[in-house]
Amino acid sequence: MDLSLSMRDDLAQLKILGSSLIDVLRNVTVNTRLGFGTFVDKVIAPFASDNKYIVKDACDSVSTTCVEPFGFHHQLKMSSDTTKFKQAVEETIISTNIDEPEGGFDALMQIAVCQDIIGWRKESLKVVLFTSDDSPHIALDGKLVQILKPNDMKCHMDLIKSSDPNKQIWEYTESKTQDYPSLGQLKHVLEQNKVQTIFAVTQNMRSMYEDIHSLLPNAHIATLNTDSSNIQDIISSSYDKIRSRFAFNKPTAVKGLDIKHRVLCHGTDTWSTSLLCENTKQGQEVIIELEITANECPSSGSQTDVIKVTSDQISDVVTIKVDYHCKCSCEDEIASNNRSLCSFNGDFLCGMCNCDSGHTGSYCQCEATTTINMNVNCTDPKSPNGMCNNNGMCDCGECICSPSYNGTFCECSSTGCPSASGSMCGGSDKGRCENCYGNKQCVCNTNDGWYLDQSGECTCNNRSCMAAGSNVTCSGHGTCDCSTCTCSENILYWEGNHCNRCIHPACNLLNINATCDDEQLQACAKCICYKAESDCKEVCLDKDIRTRVLSSVAQCDKCKESYTDACKHCLNDDDRHDPVHCRVSDGQCSVTYNILWHPSLKTYYLLVKSRNSDLDCEYLNPLIIALPTIGGVLLTSMIALLVAKILKTNYDKRKWEEFQAEVKKSKWTESNNPIHREAKQTFVNPRFIGNIDDLSPSSTNTYEELAKEMQI
């Protein structure tokens, strides 16, 4: 990855996408190993500077913290540990350079040639994702800073000392002494080490990298968003293109040999001189044919040359050794007694007929004057191709087909038929390919019971549906469909390759009724809801009941109408045994669980909802208890007071009536009470001055007399 300052947004995005990026890689291929490396440029002005003030000023201008620039750092060796990959990305800090071009080709060279340090596997598909937003420096740019030594295409990586023994970072040591590699050098090492490159570059750089792609045929170009937000899509789509593309490298040239080639891609019946096949999947057949002609005999008389056929997609190499035999010893020996092999019209020399004048044919069986007329018999009226469809030679009106071709006019090929199973037509023991006029037809060995599958291969056989020692397909409990049993769904359900294993609860002698009323299931569910699983062994596991606690349990019959996350536990189960949803009371609280049948374990298991006191328990409101109690007390008190009042009233009434009766019985007489005194007395205020008439009439004294009496 380019760590120049302009890529800071891309680095931040890559850190965010770390986990999801790993998931994308796992989706495109199962066996994945990841490495991570970064580059800036040669730390020599005007490319880059290690002056901390220059670095600080550049990074402060965009409010970013930077590390000092470097050439190339390999931060993570190829590993299947995705945690290390994520950690390596997160610990990376952006850097900066001076000029616009970057030193990415230095990094690409070291990645290709340092096989062990990078961690490439020999048999793996090696892909480098090269991300940058600017052009690369190339060979001769180093002369600007007096670097005159050309790149030697060798590995120059040393381990950087670190205080963390678990952290290993390798550094390119010849960054300041060797020039950048040329495109020709990169092409050589990438092809030699079978490394394919994906150039993920921004839109403004795409046209330039497309020119580079023309010189690096195994490279791929993808447009990178300015913040690398589409890096996941680039990885997925580019890897699919690489995986579906198969290309032969041009066979090595040998002086004195004329080498012609043609390729037959999978699914086509037309040969091509192109070495590339698109849309090719693993296991499909691609054929390359070479026609090698020696233009002359070696001057040494005896010589062995080597022709190699390779591909960047596979590690295998086909080696063809060419020996020259310019003079055969059999030419000096004419077997006159073998003229019968040549229709008595020629001599049999070195395994073939040398015909007399006026005769032709493989066995000299034809007269030369009739050959032209006989050639008509080798012309296919259904094809515009030449004689024998250009797949053989016409021999006296009869087509002698080249290898892998057959038919009257060599119109049928033994290649190009379906081979999804890994072998054409399922294998030679099951059928043969008769690709006539491009129909790609497999002819099955019906005597052995083979017939065509949906892809057109001879992979189906009813014998595969019979269990060992049985001559009944699918054990009588299903139907055989292309070597695979589809088990019947009757009262008892069956499974297995031959429908010979019962998976219905009725086949298992469990004393359990799969309903909400079953006491064993209730006891297990209640125990699991309130206690740890280890504490419920006696009521669950010992009763052959498996359990699982979930935060929520769905009503599976409603999942089709309204799907929730909890429904996934319904869909993953055997849909032939409908789950039973239960909710049972346990005092003030309720326990919710689903009853399911586990076909592989042959037992029931419960999906128990974890306890939530707020939702699963019903506590009484204190007011509901207090108010009726208080009301009852008040009502009782009022009733008691009313009863007491009634009793008191009745008592008083009865006593009054008794008193009235006593009064009536008593006899009273009138007389003066000697003790009685009149309660009324009159006093005169001596200081009162008012109307004399206001004085008490009982007083006979005059006012003057009264005054005298008062003075006394």
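What you see is a predicted model; the values in this text were computed from it and never measured.
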Within 6.0 angstrom of [X] [atom1], more than 12 heavy atoms from elsewhere:
X	atom1	value
N497	CG	no
D211	CG	yes
E538	CD	no
E91	CD	yes
E100	CD	no

What I want to check is whether the side chains of [X] and [Y] have a donor and an acceptor closer together than 3.5 Å.
X	Y	result
D535	Y530	no
K126	Q115	yes
S80	R33	no
E191	N249	no
S4	N97	no
T177	E174	yes
D453	S455	yes
Q75	T38	yes

Has the side chain of [X] got a donor or acceptor atom that lies under 3.5 Å from a matching backbone atom of [Y]?
X	Y	answer
K194	S311	yes
N594	A554	yes
E102	D41	no
D141	I138	yes
D106	Y172	no
E171	F72	no
K42	Q178	yes
K77	G119	no
S182	Q185	yes

Mind running side chain to side chain contact (heavy atoms under 4.5 Å, CB included) on L11 and I94 for me, showing each step along the way? CA-CA 7 Å; L11 178 60; I94 203 71; 4.2 Å; yes

Given side chains that start at C-beta, do those of [X] and [Y] come closer than 4.5 Å, heavy atoms only?
X	Y	result
N225	Q203	no
V55	D50	no
P579	I595	no
W120	N193	no
I287	V263	no

Salt-bridge criterion met for K241 and E278 (N-O under 4.0 Å): no

For K143, is there an ion pair with D179 - N to carboxylate O distance below 4.0 angstrom? no

Tell me the closest heavy-atom pair linking S610 and S551, and the distance in Å. OG-CA, 3.6 Å

Shortest non-hydrogen contact from S135 toward M208: CB-SD, 3.4 Å

Under the criterion side chain to side chain contact (heavy atoms under 4.5 Å, CB included), I'd like the reasoning laid out for R245 against L276: C-alpha separation, chi angles, the key distance, then a yes or no. CA-CA 7 Å; R245 178 180 179 272; L276 175 64; 3.4 Å; yes

Less than 2.5 Å separating the SG atoms of C524 and C540? yes

Under 2.5 Å between the SG atoms of C277 and C265? yes

Apply side chain to side chain donor-acceptor pair (under 3.5 Å) to D158 and T173, showing your working. CA-CA 7 Å; D158 281 347; T173 58; 4.5 Å; no

Matching residue for S6 among T202, D133, D134, T96 - test: side-chain hydrogen bond (donor to acceptor under 3.5 Å, both in side chains): D133

Parallel, tilted or perpendicular for [X] and [Y], by the 30°/60° rule?
X	Y	result
H220	H213	tilted
Y209	F130	tilted
F246	F248	perpendicular

For W170 and I160, what are the C-alpha separation, side-chain angles and deciding distance, and is it a side chain to side chain contact (heavy atoms under 4.5 Å, CB included)? CA-CA 6 Å; W170 295 80; I160 300 176; over 6 Å; no

Hey, mind stepping through V127 and I198 against side chain to side chain contact (heavy atoms under 4.5 Å, CB included) and telling me if it holds? CA-CA 7 Å; V127 180; I198 302 172; 3.7 Å; yes

